[in-house]
Each structure stands twice: as structure tokens, then as C-alpha cells.
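Throughout, numbering of the chain's residues begins at 1 and tracks the sequence. Numbering of ligands and ligand atoms starts at 1, following listing order.
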Amino acid sequence: MTDILSLIEKLEKEHSLTLGEYQFLIDNRTPEAAKILAEKADKIRREIYGNAVFIRGLIEVSNICKNDCLYCGIRRSNRNCDRYRLTKAEILECCDEGYGLGFRTFVMQGGEDAYFSDSVLCDIVRAIKERYPDCAVTLSMGEKSEESYQKLFDAGADRYLLRHETADSEHYAMLHPEEMSFETRMNCLKALRKIGFQTGCGFMVGSPYQTTAMLAKDLKFIEEFKPDMCGIGPFIPHKDTPFADKAGGSAELTCYLLSIIRLIHPPVLLPSTTALGTIDENGREKGIMAGANVVMPNLSPKSVRKKYELYNNKLSDGDESAQCKESLNERIKKIGYEIVTDRGDVKNG
Ligand code: SAH
């Protein structure tokens with residue numbers, strides 16, 4: 001415990017630990033250490049963002065994907081996936097509804113669907129920005145060339161989320177088919193940053209074959225890359241994937257890592273993810289109390305929500321839906337925070 005306490009203090013002061021120290025912090029965690037980390041994470045978050053929780057309207061634009069990531073329910077090999085894609089008009093309707101509900105960031109996320117070419121996607125981004133110049137547009141549409149990312153940025157997209165999935169190249173190869181590469185993923189993140197996007201990385205907690213040494217590498221990567229956003233959530237198996245029988249990640253470790261990430265890079269925008277809310281009924285609240293300051297309710301049309309099934313039992317209605325924002329806000333107020341109507345850009349500290 002003494003060792004752990006001095007490491008936590010070092011992390012709070014220096015925002016940096018060695019790989020070995022990160023691993024020690026994870027391997028030797030206790031409920032007491034988690035509590036101390038969460039308190040420190042909460043304090044530093046309040047100094048930067050107060051008690052604000054930012055909301056993003058998540059529009060799942062397509063579950064058609066050319067990739068075959070072994071963990072993902074919408075991988076191309078899954079024949080049981082009922083495929084869909086939204087039209088521009090449908091996406092704009094989602095934004096109209098979201099704007100009325102108080103959303104000032106729209107996140108378009110989807111599989112790598114060739115239909116959403118640069119010109120199609122740029123046209124949609126421009127239309128949203130024209131209609132709602134006071135809103136931020138975030139894209140989470142996978143790997144593209146630097147030229148494509150540049151076009152999307154020039155069309156007005158503000159942010160891009162691309163989880164690195166794991167900072168260990170051998171682990172990356174165990175989670176992805178041969179044609180996907182760790183280098184490409186990391187190069188995409190670098191290109192996004194260089195172009196000027198607010199850039200988000202992230203990883204799954206408890207993904208198959210993950211060790212605490214690998215998690216230490218994820219934390220080191222975050223320390224060095226200093227992402228503007230970082231999405232982490234537990235791995236949850238999907239029945240129609242090669243990882244159907246693998247164990248899932250825990251809410252406990254996810255929250256512990258959220259606190260550490262907040263202390264590594266205090267201004268980071270850190271979502272309390274849907275996956276965390278899915279494995280624990282109070283997951284969203286636990287994530288926020290551990291240091292998260294973003295929630296991303298589902299703004300997709302009701303008819304397609306169940307089809308964007310990245311993992312089994314993924315939450316998409318109830319307080320996970322944008323329409324239930326008020327009920328979500330009540331829950332968030334109960335734990336001492338408040339949903340705000342704001343773009344919620346990263347503060348560069
Ligand atoms: N095609 C986009 C969006 C991917 S879906 C892209 O490549 O960025 C968004 C995230 O969901 C993924 O990055 C992955 O980390 C997460 N995800 C996928 N399958 C999952 C599973 N079974 N359990 C938990 N998270 C999962």
C-alpha cells in the first residue's frame with residue numbers, strides 16, 4: 001500500500017510513470033488505492049471542467065464494414081448481422097432532433113463502409129455545419145488516408161475518434177486479421193493530429209490476451225500522445241465472433257484506468273462509455289465518479305439501434321437514448337455533476 005500511495009502521488013505531481021510503475025499500479029490495486037485515485041482524478045477534473053458533463057449525440061451511420069476485427073459484432077464475416085446504412089436525410093433528422101434536445105456535438109460513427117466516400121461524407125459534414133454552425137462534428141469512421149482526413153477536416157469536421165485498440169503491436173495482431181496493421185492505425189492517429197483534428201484514441205479493457213504489461217503500454221502511449229479524447233470501455237464478447245467464448249473486461253478495472261488516465265493527462269475528454277453502462281447498471285455513474293466527463297447517448301433512429309451490435313446486449317434505449325437526456329441528467333445530478341448544453345471542446349492546459 002505504501003508503495004502504491006507513493007506511486008499515486010508521483011503520478012499526480014508528474015503525470016508520468018515508468019512502464020514498470022504503471023504495471024505495478026495495476027497489478028497491486030486495492031479498493032483503497034482505487035478510491036484515492038478516483039478522488040485525485042475528480043479533483044483535477046473539477047479544476048479544469050468544474051462539475052460539467054458533456055454530452056455527444058451518437059449517430060451510428062452504418063453497420064456495414066469491410067474489416068474483420070475479431071472482437072467486433074459488425075465484422076464483415078458475421079452473416080447474422082442485419083446490415084443497414086443511414087441516408088443523409090436520416091442523419092440530418094437525427095441532428096435536428098438532437099439539437100432540440102440540447103446536443104451541441106454530433107458523432108457519426110460507423111463501420112468502414114465504402115458508400116461513405118470522401119465526397120458523400122464531406123457533403124454530410126458540410127450540411128450539418130451549415131445548419132448548426134454552433135455544433136461540433138466528430139467522426140469515428142475508421143482508417144482513411146491522410147488526404148481523406150484532410151478533406152473531412154476542410155469540410156468542417158472538428159474531431160476524430162480512432163481507438164488505437166492496444167499499444168502492443170503483437171497484441172494488435174491477435175485482435176485483428178492479417179491485413180490490418182498496428183503501424184497503419186498509429187499512422188492514422190498521427191495524421192489526424194497533424195491535420196488539426198481534436199483527436200481521440202482508446203482501447204478495450206480486458207480484451208482477449210491482454211496483460212497488465214500491455215495495459216501499461218496503453219497508458220504510456222496516452223502519456224506520450226496526449227490525446228484530446230480517450231475512449232475506454234470493457235471488452236464484451238459477441239456471440240457471432242471468434243471471441244464469443246472469451247471473458248469480458250470488468251467495470252472495476254475500467255474505472256481504475258479512467259482515474260489513472262485523468263491524472264496522466266488532466267484536460268482529456270474522457271467518456272463514461274456505453275460498454276461500461278452495459279456491464280454494470282451504475283456503470284455510467286461509476287465512470288464519471290472515477291474521472292470521466294463525457295457521455296454519448298444514442299441518437300440513431302430507433303429502427304436501427306439494435307442493429308449496431310458491436311457486442312451482446314449493447315445498451316441503446318432507456319437512459320442510453322438521447323431522448324432520455326433529462327432522466328440521465330437526474331442521475332448525474334444525484335452524484336454531483338451536471339449535463340451542460342455546450343460543444344465541450346478540450347481545454348488545452
Ligand atoms: N469503424 C470505427 C468504429 C468502430 S466501433 C473505427 O474503426 O474506429 C467503436 C469501438 O467499439 C471500437 O474502436 C472498439 O474499441 C469498440 N468495440 C468493438 N467491439 C467491441 C466489443 N466486443 N466489446 C467492447 N468494445 C468493442
Next on the checklist: Under a 4.0 angstrom heavy-atom cut-off, which atoms of ligand 1 come close to Leu162?
Outcome noted: 8 (O)
Checklist outcome for this item: for atom 3 (C) of ligand 1, nearest protein heavy atom and its distance come out as Gly110 O, 3.6 Å
Checklist outcome for this item: Closest to atom 19 (N) of ligand 1 among protein heavy atoms sits Tyr71 CD1, 3.4 Å
Next on the checklist: Assess whether a salt bridge exists between Glu285 and Lys334, defined as any Lys/Arg side-chain N lying under 4.0 Å from an Asp/Glu carboxylate O.
Outcome noted: no
Checklist entry - Around Glu47, counting heavy atoms of other residues, nucleotides and ligands shown, do more than 12 lie under 6.0 Å from its CD? => result yes
Checklist entry - Purely on distance, is any nitrogen or oxygen of Tyr308 under 3.5 Å from one on ligand 1? => result no
Checklist entry - Heavy-atom count around Lys239 NZ within 6.0 Å, excluding the residue itself: above 12? => result yes
Checklist outcome for this item: Nearest non-hydrogen contact to atom 10 (C) of ligand 1 from the set Glu143, Met204, Arg163 belongs to Arg163
Checklist entry - Using 30° and 60° as the class limits, which term best fits the ring planes of Tyr132 and Tyr99: parallel, tilted or perpendicular? => result parallel
Next on the checklist: Can you tell me how far apart NE2 (His171) and OG1 (Thr211) are? Round to the nearest 0.5 Å.
Outcome noted: 7.5 Å
Checklist entry - Charged N to carboxylate O under 4.0 angstrom, Glu320 versus Arg284? => result yes
Checklist entry - Considering only heavy atoms of Cys72, which atoms of ligand 1 have at least one such atom less than 4.0 Å away? => result 19 (N)
Item to check | Polar side-chain atom of Glu97 near backbone of Glu93 as donor-acceptor pair, under 3.5 Å | outcome: no
Item to check | Heavy-atom proximity to atom 24 (C) of ligand 1, best of Cys188, Pro234, Gly248, Ala275 | outcome: Pro234
Checklist entry - In the protein, what heavy atom is nearest to atom 13 (O) of ligand 1, and what distance, to one decimal place, separates them? => result Glu165 OE2, 2.5 Å
Checklist entry - Mind checking whether Cys65 has a heavy atom under 4.0 Å from ligand 1? => result no
Next on the checklist: If I apply the N/O under 3.5 Å rule, does Met141 come out as touching ligand 1?
Outcome noted: no
Checklist outcome for this item: Residue, atom and distance of the protein heavy atom nearest atom 8 (O) of ligand 1 read Arg185 NH2, 3.6 Å
Next on the checklist: For atom 11 (O) of ligand 1, what's the nearest protein heavy-atom neighbour? Residue, atom name and distance, please.
Outcome noted: Leu310 CD1, 3.5 Å
Checklist entry - Less than 3.5 Å between some nitrogen or oxygen of Glu112 and one of ligand 1, yes or no? => result no
Item to check | Residues, nucleotides or ligands: over 12 heavy atoms within 6.0 Å of Glu179 CD | outcome: yes
Checklist entry - Do any N/O atoms on His238 end up under 3.5 angstrom from N/O atoms on ligand 1? => result no
Item to check | For atom 23 (N) of ligand 1, closest protein heavy-atom neighbour | outcome: Ile236 N, 3.0 Å
Checklist entry - So does Asp134 have more than 12 non-hydrogen atoms from other groups sitting under 6.0 Å from CG? => result yes
Next on the checklist: Check the orientation of Phe243 and Phe235. Use parallel for under 30°, tilted for 30 to 60°, and perpendicular for over 60°.
Outcome noted: perpendicular
